[in-house]
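Reading through the structure tokens given below for one structure.
Here is how names work: the chains are called A, B, and so on, in the same order as the sequence lines, proteins then strands, and each is numbered from 1. Since this is a predicted model, take the numbers as computed values, not measurements. Side-chain atoms are counted along with the backbone in the values below, which use heavy atoms only and exclude waters and symmetry mates.
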Amino acid sequence: MPEFPQDLWRIVALSLEVSLAATLIACALGLPLGALVAVGRFPGRRGVIIVLNALLGLPSVVVGLAVYLLLSRAGPLGELGILFTPAAIVIAQTLLVLPIVAALARQIVEDAWTDYREQLTSLGVSRARAVPTLLRDTRYSLLTVVLAGFGRAASEVGAVMIVGGNIDGVTRVMTTAIALETSKGDLPLALWLGAVLIGTVLAVNTAAYAIREWSLKRHG
Amino acid sequence: MAEAEMFPLRARGVSVSLGGHRALDDVSLEIGARARTAVLGANGAGKSVLLRVLHGLIAPDAGSVAWGESGRRPAQAMVFQRPVLLRRPALANIEYALAVNGVRGDERRDRALEAIGRVGLSHLAGRQARVLSGGEQQRLALARAWALRPQILFLDEPTASLDPNAAAEIERLIGGIHAAGTAIVFATHHLGLARRLADEVVFLEQGRVAERTETDRFFSSPASAEAQRYLQGELP
């Protein structure tokens, strides 16, 4: 077994911390956004859906570059001084996860709206009021969306490398650590770190799946 | 507002096309306060569409639906063949409908409890709605509609896919809702239900009103050839 970095658990913790924060922010914004697009009727709605779906394939290095330019000293948000900090990583990851959450939530909520529309309209529920209702009722399906978002955040390397800088003890996360060890030629360590990353993501998914199954049995 | 000002419900020359198919064609009828109207007809005759148009869920392509002299819609509700129940406890489903309609605080709770009690589901108030049986779910849907205190209640195939006992219970509850002063308009294939519950029958044939008459007369001597064939079981 290779010699793990002494601060491995710090790297793992930081990976989880930034990925969960980005997923949380992206969900807070993306779930209502997706639901509003699903239920709403407004000019350009089809265009919005096409853009959301297209952003699913957003290249991470492009996002990393954009965030870098925003946060660099000469950039419009340079005064914040958060480039090469975990906060910058969270911003980049959020931008990558947001389209995933919004696009998938839009599809799930729109399907539910097809089933619920007549009943809710009959009860006097407005489209705006239907949004939280539909989000609540599709929460188990949306959990999969959250996990997809978390997976995207946790596996991200390009943008994280650009805006985080892979600074040891500051912004080094699992993916950038793997990239570093690979470039150094320490493939066994890179592989082991990869296994730890996969194991971490698997554990989160297993816990979420167990909660989903338990809740579905209980709530129908 | 007094019932007299909001009734009768008048549909005039209503036509609706759905997916290129003429679902309703020049339908005219009146529904009075406290009416008991059964909408009958073969599959695809337009029964469900008519209920949705009267309830306001579908806007007619031509014609109009108007309420009484005031033009103001009375409190109304609809129970669907497969009611959508929210993923929350039974009582919370009723409370949700009341909250949407502006009923607050203790009154909301009291009305929800009263409604769920009326359909005999008090013991299941805390049970998740989606795990109830089909009959219980339909009773809960009735309770939810009832809690809104509608002046007119639309029911689309309220006893379809229920076993005889559950169907009989639903029939009893609908009768109770009408006895409390609510007009009921229901679409059904269940001729016994129509015979027992309705004062008048609207018979649809390919989107048109082929016959509208008193229930007894409809079943004893239907005037239209289509209704005769329907009662003889020659129409699906």
Polar pairs (donor with acceptor) under 3.5 Å from chain B to chain A:
{"unit_1": "B:R52", "atom_1": "NE", "unit_2": "A:E118", "atom_2": "OE1", "d": "3.0"}
{"unit_1": "B:R52", "atom_1": "NE", "unit_2": "A:E118", "atom_2": "OE2", "d": "2.6"}
{"unit_1": "B:R52", "atom_1": "NH2", "unit_2": "A:E118", "atom_2": "OE1", "d": "2.9"}
{"unit_1": "B:H55", "atom_1": "NE2", "unit_2": "A:S122", "atom_2": "OG", "d": "2.8"}
{"unit_1": "B:V84", "atom_1": "N", "unit_2": "A:Q119", "atom_2": "OE1", "d": "3.3"}
{"unit_1": "B:R87", "atom_1": "N", "unit_2": "A:D137", "atom_2": "OD1", "d": "3.2"}
{"unit_1": "B:R87", "atom_1": "N", "unit_2": "A:D137", "atom_2": "OD2", "d": "2.8"}
{"unit_1": "B:R87", "atom_1": "O", "unit_2": "A:R139", "atom_2": "NH2", "d": "3.4"}
{"unit_1": "B:R87", "atom_1": "NE", "unit_2": "A:G220", "atom_2": "O", "d": "2.8"}
{"unit_1": "B:R87", "atom_1": "NH1", "unit_2": "A:D137", "atom_2": "O", "d": "2.6"}
{"unit_1": "B:R87", "atom_1": "NH2", "unit_2": "A:G220", "atom_2": "O", "d": "3.3"}
{"unit_1": "B:Y96", "atom_1": "OH", "unit_2": "A:T133", "atom_2": "OG1", "d": "2.6"}
{"unit_1": "B:N101", "atom_1": "ND2", "unit_2": "A:L123", "atom_2": "O", "d": "2.9"}
{"unit_1": "B:R130", "atom_1": "NH2", "unit_2": "A:Y116", "atom_2": "OH", "d": "2.3"}
{"unit_1": "B:R130", "atom_1": "NH2", "unit_2": "A:D137", "atom_2": "OD2", "d": "3.2"}
{"unit_1": "B:R144", "atom_1": "NH2", "unit_2": "A:Q119", "atom_2": "OE1", "d": "3.1"}

**OP:** Give, as side chain, backbone, both or neither, the part of B:L57 having an atom under 4.5 angstrom from any heavy atom of chain A.
**Re:** side chain
Subject >> Which atoms of B:A75 approach chain A - backbone, side chain, both or neither, heavy atom under 4.5 Å >> reply: neither
Original post:
Could you give the distance from CG (A:L123) to CG (B:L98), rounded to the nearest 0.5 Å?
Top reply: 9.5 Å
Subject >> Under 4.5 Å from any heavy atom of chain B - which part of A:L216 >> reply: side chain
Subject >> Those residues that, when tested against B:D199, pass salt bridge (Lys or Arg N to Asp or Glu O under 4.0 Å) (two or more places apart) >> reply: B:R36
